[in-house]
Chemist: 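For reference, the structure I am asking about is given below.
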Amino acid sequence: MRVYLPSTLTLLAGVHAAREIGPAPLTAYAVTPALREWYADGDLEELEYAALSAAARASLRLLAADPSAPRRRVVLAAEAPDDAVARPRGDASPAIRGGTTPHASRSAFGAGSGNGDRALVELSAAVPWKKIAAGHVDDPDAVPDVAAAAAALAAADAGDDDARFTVDGAEGHELLWYATQELPHLLD
């Protein structure tokens, strides 16, 4: 199953050094039955884009939690065995590993709103580097908007409309696609 794992360039460096995303459990996003039901008329490409977008929003949360990380959202697309992918139970959100930065708790932009929860899955196994299909990373031109969005995230979660507008500004930037062999060059 194709899964989308939120990350940062800092976490990507750790993943590259360890040659895996782990340890489990890992937060990821995928085309789930709930997402298919929500996008009843969507084709697979649209559904995968929705899952990728949810992972990009989670990446923004990682950036907000790590002020030292370069202000570029990172999503790693990977293949995971179906039996290692499950919908999380209850309100638990497993930590995003591959470094030491835990996933920020889900709130107004996670639980109960948008597509994030519909696409949210938990991986019960680490993802080897060879199973990473591609990386999706912000263009350097997006850095000012992504930095502003990361700084505004707490206020947006609290209901500030101006902050929500700022956060939405980051989502206006498409992530660029990188082949797995190109990912180490982003770390230079």
Side-chain angles (χ1 to χ4, degrees), residues 1-39 42-63 65 69 72-106 109-111 113-138 171 174-184 186:
M1 168 182 271
R2 176 61 54 100
V3 296
Y4 300 91
L5 296 113
S7 191
T8 66
L9 289 174
T10 302
L11 293 174
L12 178 59
V15 167
H16 183 254
R19 306 304 288 171
E20 73 173 12
I21 307 168
L26 296 164
T27 296
Y29 297 83
V31 176
T32 63
L35 188 62
R36 285 182 190 279
E37 184 178 325
W38 181 255
Y39 281 99
D43 62 18
L44 182 59
E45 186 175 335
E46 290 171 312
L47 293 167
E48 287 180 338
Y49 184 77
L52 171 70
S53 296
R57 284 188 296 277
S59 175
L60 186 62
R61 291 200 171 282
L62 291 173
L63 291 173
R72 292 170 73 186
R73 296 169 299 162
V74 177
V75 175
L76 300 174
E79 294 299 324
D82 289 350
D83 63 353
V85 180
R87 293 282 293 161
R89 297 172 195 231
D91 205 24
S93 180
I96 293 178
R97 304 283 199 300
T100 59
T101 305
H103 180 17
S105 62
R106 291 179 285 143
F109 280 88
S113 69
N115 311 321
D117 276 5
R118 289 177 182 89
L120 184 65
V121 295
E122 180 178 308
L123 300 183
S124 62
V127 178
W129 180 265
K130 66 183 178 183
K131 292 295 185 177
I132 299 173
H136 302 268
V137 182
D138 273 312
E171 292 186 14
E174 294 293 326
L175 300 179
L176 303 178
W177 181 91
Y178 290 88
T180 307
Q181 62 270 27
E182 295 174 303
L183 294 175
L186 295 171

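The structure presented is a predicted model; accordingly, all values stated were derived computationally and were not measured.
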Chemist: Between A126 and A24, which heavy-atom pair has the shortest distance, and what is it?
Modeler: N-CB, 4.0 Å
Chemist: Roughly how far apart are E122 CD and L26 CG, rounded to 0.5 Å?
Modeler: 8.5 Å
Chemist: If you take all heavy atoms of A119 and A54, which pair is closest and at what distance?
Modeler: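 Smallest heavy-atom distance, with atoms named: CB-CB, 4.5 Å.
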Chemist: What class does the angle between the rings of W129 and H16 fall in, given that below 30° is parallel, 30 to 60° is tilted and above 60° is perpendicular?
Modeler: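 Aromatic pair W129/H16 classed perpendicular.
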Chemist: Of all heavy-atom pairs between L47 and L35, which one has the smallest distance, and what is that distance?
Modeler: O-CD2, 3.5 Å
Chemist: Identify, with sequence neighbours excluded, every residue that meets side-chain hydrogen bond (donor to acceptor under 3.5 Å, both in side chains) alongside R36.
Modeler: none
Chemist: How many angstroms lie between OG1 in T8 and CZ in R61, if you round to the nearest 0.5 Å?
Modeler: 15.0 Å
Chemist: So does V74 get a backbone contact from the side chain of S59, meaning a donor-acceptor N/O pair under 3.5 Å?
Modeler: yes
Chemist: Y29 and P6: which non-hydrogen atoms are nearest, and at how many Å?
Modeler: CE1-CG, 3.9 Å
Chemist: At their closest point, which heavy atom of V31 faces which heavy atom of M1, and how far apart are they?
Modeler: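 V31 and M1 have their closest heavy atoms at O-CE, 4.1 Å.
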Chemist: Using every non-hydrogen atom in the two residues, find where A80 and L123 come nearest and quote the distance to one decimal.
Modeler: CB-CD2, 4.1 Å
Chemist: To the nearest 0.5 Å, how far apart are CG in L52 and CG in L5?
Modeler: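 Spacing of CG (L52) from CG (L5) equals 11.0 Å.
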Chemist: Okay, side chain of E46, backbone of D43: is any donor-acceptor separation there less than 3.5 Å?
Modeler: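 Looks like yes, one N/O pair under 3.5 Å.
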Chemist: Treating R19 as the side-chain partner and P128 as the backbone partner, does any N or O pair qualify as donor plus acceptor under 3.5 Å?
Modeler: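 Flag not set: sc R19 to bb P128 has no pair under 3.5 Å.
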Chemist: Output side-chain donor-acceptor pairs under 3.5 Å for residues 175-183, partner residues at least two apart or in another chain, one line each.
Modeler:
| unit_1 | atom_1 | unit_2 | atom_2 | d |
| --- | --- | --- | --- | --- |
| T180 | OG1 | I132 | O | 2.8 |
| T180 | OG1 | A133 | O | 3.3 |
| E182 | OE1 | A179 | N | 2.7 |

Chemist: Can you tell me which residue pairs pass the side-chain hydrogen bond (donor to acceptor under 3.5 Å, both in side chains) test with a partner in residues 74-86, sequence neighbours excluded?
Modeler: R2-E79
Chemist: Rounded to the nearest 0.5 Å, what's the gap from OG on S53 to CD on E174? Could you check?
Modeler: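 Answer rounded to 0.5 Å: 7.5 Å.
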Chemist: Whether the side chain of R73 engages the backbone of D138 through a donor-acceptor N/O pair (distance < 3.5 Å, no angle test) should be reported.
Modeler: no
Chemist: How many angstroms lie between atom CD of E171 and atom CG of L60, to the nearest 0.5 angstrom?
Modeler: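 Reported to 0.5 Å precision, the distance equals 8.0 Å.
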Chemist: Tell me whether T32 contacts the main-chain N or O of R118 through its side chain, where contact means a donor paired with an acceptor under 3.5 Å.
Modeler: yes
Chemist: Roughly how far apart are L62 CG and L11 CG, rounded to 0.5 Å?
Modeler: 6.0 Å
